[in-house]
Undergrad: 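Mind looking over this structure? Questions follow.
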Amino acid sequence: MDLSVQRQKLSDADAGGEDRLSALPDDLLIHILVLLDAAAEAARTSVLASRWRRLWLLLPELNLNSIEHHRIGAVLAAHEAPDLTRLIARTKDASPESLSAWLPLAARVLSGHMRLDLEEVQRGAEERGAAVDLPCFHKATSIVLNLGLLDLALPPNGVFARLQELQLIGIRLHGQSGFGDLLSSQRCPYLWFLRVSDARGLDSLNIQSDSLMCMELLDLHRLPQLTVVAPELRKLQLSTSMDPRNTELAVANISAPLLMSLEWMDVYYPSSIQFDAMAHLESLGIHFYILDEEEEEAFEHNHYWLTFLQRYEHIRSLDLMISYPSVICTGPYLTENMPSLPNITFLMLSLIVWGHSFGASLFDVLRRCTGVKKLHLDFFPENQSEVILLLI
């Protein structure tokens, strides 16, 4: 039989046949709609039949990446599912006012994960002094906010009763001392993962949490004081700038007795940066100087870290960022007083070389780490291929 004739017969049968898809249970149809890429596509199925007209409003997951930011509130207001387990929104040209209007709607229905990414923010938002008002998400388990450096106003009260993961990226807080209070066990009793990245305006940060297990404080600008009391913390990562001496972190007190991994890309002066005994520490990441114009300051920085490292014989993983000066200097190599570190079995070297030759000093470091079984190299040059050739 001719294939075109066969297709025509099948088409005629389907056209006059029973709508078997609409006969499926609502739960199964909703599951099918969840598999679509975006809520807008699910909404378009409402034209198929009257049965489908309001099914998309019952979706437990909403992907709003293809919807204009000013329509997000209307979608959430019309949503009829008792619980929203997943909400994804990526938008452009959003204003703090528009975000503050629909976030409370999301807070009321969200019982799972939310991610909001601002690809572009509305012009003039900073000049207006407007801030995104963060409501209290009583039922959410995971929140990721990437605000493109918009101001964020924290909720003065309320408990994030089920929150386990919080990521705040590209935010301005303007010295809100309530940030530490928000992260406390009283307001986030189950929070175990915290990431704050590219944050501005923090004059101090005091975190006391009985549940935190992993904390990443990345690219914090102008943070002079940090206090962390976290008895269950296993991993702490902190960075302020590529050159830790440019930081304004003056005082830090870290109490985390179960800590296993510490990455501290910042200054370390024992007189002002205090770490409690960390008997379980296995992994350490630090910034180290090979040679420098300001020899005495860099020597002290290296000496303090090496003294710290020698206290922990069971450290097996060392992440060492080796920094060269941007201009050629005549100072001595600062590895001359570096002791042998035979217990290190995994060595990760990150090199900031500014086009300088580094082979001799690199091999000097490797010579002192005699127990290394795994080596990982990262480069931060203008031209990676040139640096690799220098190493060879």
Side-chain angles (χ1 to χ4, degrees), residues 165 167 191-197 205 207 209-220 223 226-244 247 249 252-270 273-290 301-323 334-335 338-352 362 364-380:
E165 175 186 358
Q167 298 188 45
L191 183 67
W192 70 268
F193 179 85
L194 171 67
R195 175 181 291 155
V196 182
S197 177
L205 184 54
I207 300 175
S209 172
D210 296 329
S211 59
L212 269 175
M213 300 182 68
C214 180
M215 184 186 311
E216 299 177 3
L217 307 175
L218 311 176
D219 299 324
L220 301 186
L223 176 66
L226 172 66
T227 300
V228 176
V229 179
E232 296 297 324
L233 193 65
R234 302 308 200 269
K235 177 182 178 181
L236 173 60
Q237 184 178 0
L238 179 137
S239 67
T240 54
S241 66
M242 293 302 288
D243 186 349
T247 183
L249 181 62
N253 291 281
I254 310 299
S255 176
L258 297 183
L259 199 69
M260 301 176 67
S261 176
L262 172 65
E263 183 174 319
W264 192 270
M265 294 302 171
D266 206 284
V267 295
Y268 173 52
Y269 295 110
I273 309 296
Q274 302 288 329
F275 296 99
D276 270 2
M278 296 175 289
H280 303 276
L281 196 64
E282 298 177 354
S283 175
L284 178 67
I286 58 177
H287 195 147
F288 197 79
Y289 296 96
I290 292 296
H301 176 87
N302 290 356
H303 172 71
Y304 290 140
W305 272 127
L306 291 173
T307 302
F308 177 92
L309 183 59
Q310 286 183 293
R311 297 204 307 258
Y312 296 91
E313 296 182 357
H314 51 285
I315 287 182
R316 300 291 181 263
S317 176
L318 177 62
D319 184 351
L320 198 61
M321 178 173 283
I322 299 178
S323 178
L334 299 180
T335 56
M338 183 175 180
S340 295
L341 301 171
N343 294 327
I344 303 300
T345 57
F346 175 41
L347 179 62
M348 181 172 179
L349 295 177
S350 303
L351 306 177
I352 307 176
L362 176 59
D364 192 29
V365 173
L366 293 175
R367 180 173 60 86
R368 299 170 192 273
C369 300
T370 56
V372 170
K373 296 181 179 180
K374 183 178 180 181
L375 175 65
H376 183 92
L377 295 178
D378 272 346
F379 302 100
F380 296 89

Undergrad: Could you measure the distance from the CG atom of L351 to the CG atom of L377? Nearest 0.5 Å is fine.
TA: 6.5 Å
Undergrad: Would you call E165 and R195 a side-chain contact if the rule is heavy atoms closer than 4.5 Å?
TA: no
Undergrad: State the CG-CD1 distance between L318 and I344, to the nearest 0.5 angstrom.
TA: 5.0 Å
Undergrad: So, using side-chain contact (heavy atoms from CB on, under 4.5 Å) as the criterion, who are the partners of S317 when residues are at least two apart?
TA: S283, F346
Undergrad: Heavy atoms, side chains only, cut-off 4.5 Å: are L233 and M213 in contact?
TA: no
Undergrad: For side-chain contact (heavy atoms from CB on, under 4.5 Å), just list the numbers for L205 and V228, CA-CA rounded to whole Å, side-chain angles, deciding distance to a tenth of an Å, and then say yes or no.
TA: CA-CA 8 Å; L205 184 54; V228 176; over 6 Å; no
Undergrad: Against I315, only a single residue in N343, L262, L309, T345 fulfils side chain to side chain contact (heavy atoms under 4.5 Å, CB included); can you say which?
TA: L309
Undergrad: P231: which residues meet the side-chain contact (heavy atoms from CB on, under 4.5 Å) condition with it, sequence neighbours left out?
TA: D210
Undergrad: Kindly write out the residues that satisfy side chain to side chain donor-acceptor pair (under 3.5 Å) with Q274, not counting sequence neighbours, or none if the list is empty.
TA: none
Undergrad: Can you sort out the partners of F308 under ring-ring contact (aromatic ring centres under 6.0 Å, His included), two or more places apart, ordered by chain and number?
TA: Y268, F275, W305, Y312
Undergrad: So, do L236 and W264 sit near enough that their side-chain heavy atoms are less than 4.5 Å apart?
TA: yes
Undergrad: Decide side-chain contact (heavy atoms from CB on, under 4.5 Å) for V229 and I254; before the verdict, give the C-alpha distance in whole Å, the side-chain angles of both, and the deciding distance to 0.1 Å.
TA: CA-CA 6 Å; V229 179; I254 310 299; over 6 Å; no
Undergrad: Sub-3.5 Å donor-acceptor pair from the side chain of S211 to the main-chain atoms of L191, do we have one?
TA: yes
Undergrad: Quick check for you: to the nearest 0.5 Å, what is the distance between L212 atom CG and F193 atom CZ?
TA: 10.0 Å
Undergrad: Please step through side-chain contact (heavy atoms from CB on, under 4.5 Å) for the pair L220 and V196, ending with a clear verdict.
TA: CA-CA 8 Å; L220 301 186; V196 182; 4.0 Å; yes
Undergrad: Please enumerate all residues that pass side chain to side chain donor-acceptor pair (under 3.5 Å) together with E232, with sequence neighbours excluded.
TA: R234
Undergrad: Going by side chain to side chain donor-acceptor pair (under 3.5 Å), name the residues that satisfy it together with D378, two or more places apart in sequence or in a different chain.
TA: H376
Undergrad: Would you indicate whether the side-chain heavy atoms of L226 and L238 approach each other to under 4.5 Å?
TA: yes
Undergrad: Provide the closest heavy-atom pair for H314 versus L281 in the form atom of the first, atom of the second, distance.
TA: CD2-O, 2.9 Å
Undergrad: Residues two or more places apart in sequence or in another chain: which of them pass side chain to side chain donor-acceptor pair (under 3.5 Å) with Q237?
TA: E263
Undergrad: Can you tell me how far CG of L194 sits from CG of L217, rounded to the nearest 0.5 angstrom?
TA: 6.0 Å
Undergrad: When you measure from the side chain of S255 to the backbone N and O of D276, does any donor-acceptor pair fall under 3.5 Å?
TA: no
Undergrad: Quick one: CE on M348 to NZ on K374, what's the gap to the nearest 0.5 Å?
TA: 10.0 Å
Undergrad: Could you name each residue pair satisfying salt bridge (Lys or Arg N to Asp or Glu O under 4.0 Å) that touches residues 303-320, not counting sequence neighbours?
TA: none
Undergrad: Give the minimum heavy-atom separation between M265 and H287, together with the two atoms involved.
TA: SD-N, 3.8 Å
Undergrad: Report the C-alpha distance between M215 and I207 in whole Å, list the side-chain angles of each, state the deciding distance to 0.1 Å, and finish with yes or no for side-chain contact (heavy atoms from CB on, under 4.5 Å).
TA: CA-CA 10 Å; M215 184 186 311; I207 300 175; 3.9 Å; yes
Undergrad: Roughly how far apart are L366 CG and L349 CG, rounded to 0.5 Å?
TA: 6.0 Å
